[in-house]
Colleague: 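If you scroll down you'll find the structure; I have some questions about it.
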There are 4 protein chains.
Amino acid sequence: MTIHADTPPVSSATGRPLTKRGQETRRRLLEAAEQVFADLGYHEASIVKITEHAGVALGTFYLYFDSKQSIFEALVIDLNSRVRHSMSEAMAGATNRIEAEGLGFEGFFRFTAEHPALYRVVREAEFVSPATLKLHYERIVDGYRAGLDAAQRDGEIAAELDTEVVAWALMGAGELIGMRYLLWERDAEGRPPAKIDPAVLAGMSGFIARALRPDTTEGTDR
Amino acid sequence: MTIHADTPPVSSATGRPLTKRGQETRRRLLEAAEQVFADLGYHEASIVKITEHAGVALGTFYLYFDSKQSIFEALVIDLNSRVRHSMSEAMAGATNRIEAEGLGFEGFFRFTAEHPALYRVVREAEFVSPATLKLHYERIVDGYRAGLDAAQRDGEIAAELDTEVVAWALMGAGELIGMRYLLWERDAEGRPPAKIDPAVLAGMSGFIARALRPDTTEGTDR
Amino acid sequence: MTIHADTPPVSSATGRPLTKRGQETRRRLLEAAEQVFADLGYHEASIVKITEHAGVALGTFYLYFDSKQSIFEALVIDLNSRVRHSMSEAMAGATNRIEAEGLGFEGFFRFTAEHPALYRVVREAEFVSPATLKLHYERIVDGYRAGLDAAQRDGEIAAELDTEVVAWALMGAGELIGMRYLLWERDAEGRPPAKIDPAVLAGMSGFIARALRPDTTEGTDR
Amino acid sequence: MTIHADTPPVSSATGRPLTKRGQETRRRLLEAAEQVFADLGYHEASIVKITEHAGVALGTFYLYFDSKQSIFEALVIDLNSRVRHSMSEAMAGATNRIEAEGLGFEGFFRFTAEHPALYRVVREAEFVSPATLKLHYERIVDGYRAGLDAAQRDGEIAAELDTEVVAWALMGAGELIGMRYLLWERDAEGRPPAKIDPAVLAGMSGFIARALRPDTTEGTDR
DNA sequence: AATGAATGAGAATTCATTCAT
DNA sequence: GATGAATGAATTCTCATTCAT
């Protein structure tokens, strides 16, 4: 579970650049935060728990982050860049847009299964840091939408679709499917599934394919 | 904003049946809680704020509810029954299933616009009371699914759809659309819209209609 | 060491009027605060120490005061009204203004000896609550000045004196004399004096009398 | 604002003599401390702020001073020697003792106007380092008193005055006048006065002159 | 000499819950 | 039924000081 930063100019809470040792400590705090937030949610998590998990003293936290909220925001942003990375990687092998959507969801679900923090943390962000939450969704939706727009231009999906609305709908669909079939699902021994049930993924992909496909017959769009 | 209980045998925290005066107090507490939770979210809300809003003394709260969590759960359940009522009412006028889905969403969005608490409160429930959250979603999804199953039997929607997966996807899609276009949207004066933008609703309905429509007669496409 | 309030409409931190029990608790907190601030100064004092001294729980403090600063301000104001009371009582028996000034100082020193908090607390107020400090000094100075003005009108003290400047000078003189000869003075056993050394008081009174006395001779000026 | 030390054998916290570079660093720390303490008071000041202001690293502080309290004491002592220097310089031109007192006050006020730190810092010393505070006052008072004693011997001031008490009284009077008319006074633009209002100085000098002047015999004054 | 990361005790403050009236 | 004073555990955050580099 490495934190690969979108934010290479890593700096402390006071804005100073960090020494190597400092960067290492900051990284440990972020990883601990991911774990703790994922396990307990934002409100049950505490800075004490994060620092204990990270193996540093309480005061050390404040060398790197201003507050619980600020590490939370850093984490959401980090997770966001990782999930998008995971999705675009998954979509790379697609031969057409509709297939790409399916693969994108697969990447999304894979990331979710491996990082349940994403869900928990993001959904709690609504009250904690609405702007960050918005940013998170918008970034994903923007990516979706760009793909849908391109596909529309190429005639691979129906021209009449409102790509923005569709992108938000797909985002929401994916989120709830992930919650239902990954976070809530338990096998016989009460363990969460390592990956999403292929049947569910197929059902989801089929649903999307049907919604997106261009209107039949001789001449398609508009 | 009346609380019309699904739970008519209203009783106090101690399990005793309530006098008329008691029922009135309980109702005022629930209404205050809806307001306060909607405004502040679960964690920022406090029992003092709820009782102040309700115009009763702090101690009175505990005559009616065991804890902060318990009034929260009561509220989620109440809201759930109200939103489902709102949706089925909206769907009543439909002439076919696909139209019904669109109308159902309209009802859902209308309720959301009028009761933003639903969103906020429900999404926070994940950590506060996961079982209640599950129950909330499952109740709605079950309704959806029953409709989809019936429609499938009647050939009004595609037979190959996995109705359970579709129901969860639609639930998620509706939730995020509502969040994006109702809760986050602001007009020029910074006021939230009273109802959802018809274009968005149309986009959403079209999206769903495309996804659900049966495959064209003689030869299914693709 | 009773707190006799200038502020009879005693109310809690939230502004509500208090029950009898509440008033009693508030009083105990103020008395404890006087003790603790006097012993330790503002910064070393802590709310825990105050509540322990008062024999109430930590949280109880916040039912009555917003913050450490707010109880401090309440205390300064209370002490101010008490010291002025003590001074005017002492001056009551005087047959002329110059004698009154001497007796006023005596009252001031007596109060200081009995309530060392006044000094300590007031002098620390400069950074903690400058407005309160100003108010404290101004109230005393205003009293002084009014007396001096009246005496001037009656020809009991020199007409050429700038009564405002003199009032501030006397206030400062009294303060430092009190500090030096009451707070810092220790007898053979290391105990503070119960009252000021009469010789010092005489020296001080003489000094003031000389400064204030009207210019000699036949006809007082103006 | 140079720190001209009374303590030429400057040494580090460990007692070692300092190199030239070390002396420079120490000086910068003291100057920064004067600024920071003056602006924020003792408790709000922090070592980080002092080192940042001085442009050195945090750890460097402890090469030169044992603790926050120790730099504070060094500063009080430095300020004390400077204010006394300023006063004796001002008194140098006097032709008699009573005039000298007036000029001394003028010097005191001038220093105060230029170095508001003196006040703020000294008055906070009561709890932080009582011994240092005592020392500060005693040094000034001793100077005063020596002058008064000499004047008494020469018959320039009244023989019956208790010079020690008078010296303390004058010290206190000067302090409060300075606080009131320099530190609290603000012109129309909210800026502090660069020097004391001449009318106040005259009022103060007159007050002192009256108090000190020898008793008439046949006809002394004016 | 200088640096700055790390420490951890201690401070203020909040709030769900209890209970005597 | 209703009240509201009291509780105290838990939380966030600060900062003087230490020490390895």
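Throughout, a chain's letter reflects where its sequence line sits, starting with A, and its residues are numbered from 1.
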Colleague: On a heavy-atom basis, which atom in C:Phe65 and which in C:Ser70 lie closest, and how many Å separate them?
Modeller: CB-OG, 3.5 Å
Colleague: What distance separates C:Lys49 NZ from C:Leu58 CG, expressed to the nearest 0.5 Å?
Modeller: 13.0 Å
Colleague: Can you check the B:Arg28 CZ to F:dA2 P distance for me, whole Å?
Modeller: 9 Å
Colleague: Let me know the distance between CD1 of C:Ile71 and P of E:dA12, rounded to the nearest Å.
Modeller: 12 Å
Colleague: With the sugar-phosphate defined as primed atoms, P, OP1 and OP2, and the base as all remaining atoms, what B/S/- string results for nucleotides 16-21 of chain F, 5' to 3', for protein heavy atoms under 4.0 Å?
Modeller: SBB---
Colleague: Measure from CD on A:Glu52 to P on E:dG8 and round the result to the nearest Å.
Modeller: 12 Å
Colleague: Heavy-atom count around A:Glu44 CD within 6.0 Å, excluding the residue itself: above 12?
Modeller: no
Colleague: Taking for each residue the nucleotide of DNA chain F bearing the nearest heavy atom, is the 5' side occupied by B:Thr60 or by C:Val56?
Modeller: B:Thr60
Colleague: Can you list the steps and then say if D:Leu79 with D:Val122 is a side chain to side chain contact (heavy atoms under 4.5 Å, CB included)?
Modeller: CA-CA 9 Å; D:Leu79 286 169; D:Val122 159; 5.8 Å; no
Colleague: Rounded to the nearest 0.5 Å, what separation is found between the NZ atom of A:Lys68 and the OH atom of A:Tyr42?
Modeller: 5.0 Å
Colleague: Specify the separation, in whole Å, of atom CD of C:Gln23 and atom C1' of F:dA6.
Modeller: 17 Å
Colleague: Can you see which heavy atom on A:Ile71 is nearest to which on A:Ala33, and at what distance?
Modeller: CD1-CB, 3.6 Å
Colleague: Do the charged groups of A:Glu31 and A:Arg27 touch, with an N to O distance under 4.0 Å?
Modeller: yes
Colleague: Between atom CZ in C:Phe65 and atom C1' in F:dA5, what is the gap in whole Å?
Modeller: 15 Å
Colleague: Over 60° means perpendicular and under 30° means parallel, so tell me whether D:Phe37 and D:Phe72 are parallel, tilted or perpendicular.
Modeller: perpendicular
Colleague: With pairs taken as Watson-Crick or G-U wobble and both distances under 3.5 angstrom, which stems of at least three consecutive pairs involve DNA chain E?
Modeller: E:2-21 with F:2-21
Colleague: Is any side-chain N of the basic residue among B:Glu124 and B:Arg120 closer than 4.0 Å to the acidic one's carboxylate O?
Modeller: no
Colleague: Select one nucleotide: of E:dA5, F:dT11, E:dA1, the one nearest the side-chain heavy atoms of A:Tyr64.
Modeller: E:dA5
Colleague: From the list E:dT7, F:dT11, F:dA2, which nucleotide is the closest neighbour of the side chain of A:Leu63?
Modeller: E:dT7
Colleague: Rounding to a whole Å, what distance do you find between A:Lys20:NZ and E:dA6:P?
Modeller: 15 Å
